[in-house]
Participant: 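First the structure, then my questions, so here it is.
If you read the sequence from its start, that first residue is 1, and numbering goes on from there. Excluded from the calculations below are hydrogen atoms, water molecules and symmetry mates; all remaining heavy atoms, backbone and side chain alike, are included.
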Amino acid sequence: LIDVAVRCNDMPTASRVLSVMLTEHEPDLITFSTLIKGFCALGDLKKAFALAKELKSRGLQCDEIMYNSLLEGCVHIGALRSGLVVFKDMLDA
């Protein structure tokens with residue numbers, strides 16, 4: 001359901017589904033990655049980075065796909081400094 005909402009650029013619905021999942025189940029890396037990719041595609045890096053932080057607080061680690069989404073989001077809006085932070089984080093992982 002999250003993937004469908006993201007593909008339709010309906011991030012409010014995708015976020016609501018995540019909120020329900022957070023209370024009833026433990027979202028996995030794919031769930032977070034799908035949402036992060038959607039926010040990055042729309043240029044909303046603030047929400048993408050917040051989700052990446054939430055993911056890490058739950059003991060999950062970013063993977064290559066997620067780093068790629070975050071870097072693409074930085075390129076999309078011209079956020080060079082944020083891209084460098086993502087790149088450093090990726091190297092440190």
Participant: In Å and rounded to the nearest 0.5 Å, what is the CG to OH distance from Leu91 to Tyr67?
Facilitator: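 It comes to 9.0 Å.
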
Participant: When rounded to the nearest 0.5 angstrom, what is the spacing between CG in Asp28 and CG in Leu60?
Facilitator: 8.0 Å

Participant: Would you call Leu51 and Leu18 a side-chain contact if the rule is heavy atoms closer than 4.5 Å?
Facilitator: yes

Participant: How many angstroms lie between CG in Asp63 and OG in Ser69, if you round to the nearest 0.5 Å?
Facilitator: 8.5 Å

Participant: Above 12 or not: heavy atoms from other molecules or residues under 6.0 Å from CD of Glu26?
Facilitator: yes

Participant: Kindly indicate whether the side chain of Val6, heavy atoms from C-beta on, has any atom under 4.5 Å from the side chain of Phe39.
Facilitator: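 No. Closest side-chain heavy atoms not under 4.5 Å.
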
Participant: Measure the shortest side-chain to side-chain distance between Cys62 and Lys56 over non-hydrogen atoms and say whether it is less than 4.5 angstrom.
Facilitator: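 Yes, side chains in contact.
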
Participant: So does Glu54 get a backbone contact from the side chain of Ser57, meaning a donor-acceptor N/O pair under 3.5 Å?
Facilitator: yes

Participant: Roughly how far apart are Ser15 OG and Met21 CE, rounded to 0.5 Å?
Facilitator: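 The distance works out to 12.5 Å.
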
Participant: Side chains of Arg16 and Ser19: any donor to acceptor distance under 3.5 Å?
Facilitator: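 Result is no, nothing qualifies.
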
Participant: Do Val75 and Met66 belong to the same hydrophobic cluster, where Ile, Leu, Val, Met, Phe, Trp and Tyr are linked whenever their side-chain heavy atoms lie under 4.5 Å apart, directly or via other members?
Facilitator: no

Participant: Considering only heavy atoms from C-beta outward, does the side chain of Ile30 approach that of Thr34 to under 4.5 Å?
Facilitator: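 Answer yes - side chains close enough.
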
Participant: Minimum heavy-atom separation for Leu45 to Gly73, with atom names?
Facilitator: CD2-C, 3.7 Å

Participant: Is there a continuous path of hydrophobic side-chain contacts, each under 4.5 Å between heavy atoms, that joins Leu55 to Phe87?
Facilitator: yes

Participant: Leu80 versus Cys74: any side-chain heavy-atom pair under 4.5 Å?
Facilitator: no

Participant: Rounded to the nearest 0.5 Å, how far does CG of Leu70 lie from CE of Met90?
Facilitator: 10.5 Å

Participant: Would a 4.5 Å heavy-atom cut-off, applied to side chains only, mark Thr31 and His25 as touching?
Facilitator: no

Participant: Quick one: does Asn68's side chain get under 4.5 Å of Lys37's, heavy atoms only?
Facilitator: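 They are not in side-chain contact.
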
Participant: Using modelled atom types only, decide if a donor and an acceptor are shared between the side chain of Thr23 and the backbone of Val20 within a distance under 3.5 Å.
Facilitator: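 Flag set: sc Thr23 to bb Val20 pair under 3.5 Å.
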
Participant: How long is the straight-line distance from CG of Leu29 back to CD1 of Ile65, given to the nearest 0.5 Å?
Facilitator: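 Nearest 0.5 Å value for the CD1-CG distance: 8.0 Å.
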
Participant: Looking at side-chain heavy atoms only, is the closest gap between Ile36 and Lys47 below 4.5 Å?
Facilitator: no

Participant: I'd like to know whether Glu72 forms a side-chain contact (heavy atoms from CB on, under 4.5 Å) with Cys40, so could you lay out the CA-CA distance, the side-chain angles of the two residues, the decisive distance to 0.1 Å, and finally the verdict.
Facilitator: CA-CA 7 Å; Glu72 284 181 7; Cys40 286; 5.9 Å; no

Participant: If you count the non-hydrogen atoms of other residues, nucleotides and ligands that lie under 6.0 Å from CZ in Arg58, is the total more than 12?
Facilitator: yes

Participant: Between Leu71 and Gly83, which heavy-atom pair has the shortest distance, and what is it?
Facilitator: CD2-O, 3.5 Å

Participant: If I compare all heavy atoms of Leu35 with all of Ala14, which pair ends up nearest, and what's the gap?
Facilitator: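 The pair with the smallest heavy-atom distance is CD2-CB, 3.4 Å.
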
